[in-house]
Amino acid sequence: PVRKALAFSYNIPAVRAVQSAGVKNVIALAKKIGITSELQPYPSIALGSFEVTPLELAYCYSVFANGGVKAEPVTILAVSNADGQLRENREVSMKRVVPANLVFVVNEMLKDAVRYGTAARAGSAGFANRFAGKTGTTNNYRDSWFVGYSPRILSMVWIGYDDNRTTRLTGSNGALPIWIKHMGRVVG
């Protein structure tokens with residue numbers, strides 16, 4: 001089933017899904033939800049074969065955390081003085097980019113990754129049912145990443161070298177333990 005394939009990061013079903021949806025459609029959706037890096041029209045896009053920044057990836061997953069709404073990232077939302085008076089405020093640009101019903105299905109499937117899939121260690125640490133997430137490992141173990149989110153918070157951990165040396169780590173055994181420790185402090 002698709003749920004199991006996504007939960008365990010099976011490559012062949014991911015490539016078949018991209019081929020079925022159409023590579024150009026997948027690229028268009030990636031651009032719509034926040035990828036600005038160049039993506040080539042190859043089925044291997046399903047496996048993360050093209051470089052994107054950790055910020056781009058976190059931004060894309062924030063669309064799922066927000067129920068299909070893309071909120072432009074800002075570094076400082078508001079500034080207030082010691083008395084609590086608002087001194088400066090920024091409006092966040094928000095736009096629905098994916099239907100809520102489709103995002104719901106994806107989020108439920110990504111919760112399975114935390115419940116019993118590649119991120120099951122997070123589920124065992126108390127994040128099951130509250131968080132959805134996805135591990136990632138690039139070719140030759142150059143990058144190890146994990147993004148986990150709920151409707152209230154998203155956190156991503158990326159491990160890698162700027163010169164593309166191998167980390168010898170998967171998303172599950174590299175980035176995920178750091179995420180668990182960090183989020184244990186954040187959400188207790």
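Atoms considered below: every heavy atom in the structure, side chains included; atoms not considered: hydrogens, waters and symmetry mates. This one's a predicted model, so the numbers in the text were calculated from it and none came from an experiment.
Evaluated for a side-chain hydrogen bond (donor to acceptor under 3.5 Å, both in side chains) with Arg165, the options Thr167, Asp162, Asp163 yield exactly one hit, Asp163.
Residue-environment remark: NZ (Lys31) exceeds the threshold of 12 foreign heavy atoms within 6.0 Å. Counting heavy atoms of neighbouring residues, nucleotides and ligands inside a 6.0 Å radius, atom CZ of Arg16 does not exceed 12 of them. Atom CD of Gln40 has more than 12 neighbouring heavy atoms from other residues, nucleotides or ligands inside a 6.0 Å radius. Under a cut-off of 6.0 angstrom, the local environment of OH in Tyr141 is sparse, with at most 12 non-hydrogen atoms contributed by other residues, nucleotides or ligands.
Here the side chain of Thr135 pairs no donor or acceptor atom with the backbone of Ala119 at under 3.5 angstrom. A donor-acceptor contact shorter than 3.5 Å is absent between the side chain of Ser20 and the backbone of Ala17. Remark: side-chain polar atoms of Asn66 are not paired, donor with acceptor, to backbone N or O of Lys70 under 3.5 angstrom.
When all heavy atoms of Ala132 and Val114 are compared, the pair lying nearest together is C-CG2, 3.8 Å. When all heavy atoms of Leu176 and Ala122 are compared, the pair lying nearest together is CD1-CB, 3.9 Å. When all heavy atoms of Thr118 and Ser172 are compared, the closest pair comes out as O-OG, 2.7 Å. Considering all non-hydrogen atoms of both residues, Arg3 and Arg115 come closest at NH2-NH1, 4.1 Å. The minimum heavy-atom distance linking Ala7 with Tyr116 is given by the pair CB-CE1, 3.9 Å. Closest of all the heavy-atom pairs between Gly133 and Ala113 is O-CB, 3.4 Å.
One hydrophobic cluster, built from ILVMFWY side chains closer than 4.5 Å, holds both Ile33 and Leu110. If you chain together hydrophobic residues whose side chains sit under 4.5 Å apart, Tyr59 and Val106 never meet in one group. Hydrophobic cluster membership is shared by Leu102 and Leu29, with clusters built from Ile, Leu, Val, Met, Phe, Trp and Tyr side chains linked at under 4.5 angstrom. When hydrophobic clusters are built by joining Ile, Leu, Val, Met, Phe, Trp and Tyr residues whose side-chain heavy atoms come closer than 4.5 Å, directly or via intermediates, Val18 is not grouped with Val15. One hydrophobic cluster, built from ILVMFWY side chains closer than 4.5 Å, cannot hold both Val69 and Val147; they sit in different ones.
The CG atom of Leu169 sits 14.0 Å away from the CZ atom of Arg142 when rounded to the nearest 0.5 Å. To the nearest 0.5 Å, the span separating NZ on Lys32 from CG on Asn25 amounts to 11.0 Å. To the nearest 0.5 Å, atom CG of residue Asp83 and atom CG of residue Leu86 are 13.0 Å apart. Of the inter-residue distances, the one linking Ser144 atom OG with Asn173 atom CG reads 6.5 Å to the nearest 0.5 angstrom. Rounding to the nearest 0.5 angstrom, the gap separating the OG atom in Ser155 from the OH atom in Tyr61 is 14.0 Å. In this structure, CD1 on Ile45 lies 8.5 Å from CD1 on Ile35, to the nearest 0.5 angstrom.
Looking only at atom types and distance, the side chain of Thr137 has no donor-acceptor partner in the side chain of Thr170 under 3.5 Å away. For the residue pair Tyr149 / Asn107, a side-chain donor-acceptor distance below 3.5 Å is found, with atom types taken as modelled. Ser9 and Lys134 share a side-chain donor-acceptor pair at under 3.5 Å.
Here the side chains of Pro43 and Gln19 are in contact, with some heavy-atom distance below 4.5 Å. Side chains of Ile180 and Phe127 form a contact here, defined as non-hydrogen atoms less than 4.5 Å apart. Under the 4.5 Å side-chain criterion, counting only non-hydrogen atoms from C-beta, Leu77 is in contact with Val74. You'll find the side chain of Leu154 stays beyond 4.5 Å of the side chain of Phe64, heavy atoms only. Residues Trp158 and Leu57 have side chains not in contact (no heavy-atom distance under 4.5 Å, counting atoms from C-beta outward). Under the 4.5 Å side-chain criterion, counting only non-hydrogen atoms from C-beta, Asn129 is not in contact with Lys111. With contacts defined as side-chain heavy-atom distances shorter than 4.5 Å, the pair Met156/Pro54 qualifies. Between Met183 and Arg185 the shortest side-chain heavy-atom distance does not fall below 4.5 Å.
Between Tyr10 and Phe8, the ring planes are parallel. Angles under 30° get that label, and only those over 60° would be called perpendicular. Using cut-offs of 30° and 60° for the angle between ring planes, the Tyr42 and Phe50 rings count as parallel. Ring planes of Phe146 and Trp179: perpendicular class, angle over 60° (limits at 30 and 60°).
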Self-check item: Val187/Arg130 under side chain to side chain contact (heavy atoms under 4.5 Å, CB included): CA gap, chis, key distance, verdict
Solution: CA-CA 11 Å; Val187 298; Arg130 298 187 299 158; 4.3 Å; yes

Practice problem: Take Met109 and Val2 through the test side chain to side chain contact (heavy atoms under 4.5 Å, CB included) and record every step on the way to the result. | Solution: CA-CA 8 Å; Met109 288 192 292; Val2 173; 3.8 Å; yes

Quiz item: Given the rule in the side chain to side chain contact (heavy atoms under 4.5 Å, CB included) test, do Leu6 and Asp112 qualify, once you have shown the distances and angles that lead to the verdict?
Solution: CA-CA 8 Å; Leu6 190 58; Asp112 286 349; over 6 Å; no

Exercise. Kindly determine whether Asp143 and Ile159 satisfy side chain to side chain contact (heavy atoms under 4.5 Å, CB included), including the steps that lead there.
Key: CA-CA 6 Å; Asp143 300 284; Ile159 300 172; over 6 Å; no

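Within the structure, no pair that satisfies the salt bridge (charged side-chain N to carboxylate O under 4.0 Å, His left out) test touches residues 38-60, not counting sequence neighbours.
Taking Phe104 as the reference, nothing meets the ring-ring contact (aromatic ring centres under 6.0 Å, His included) condition, with sequence neighbours excluded.
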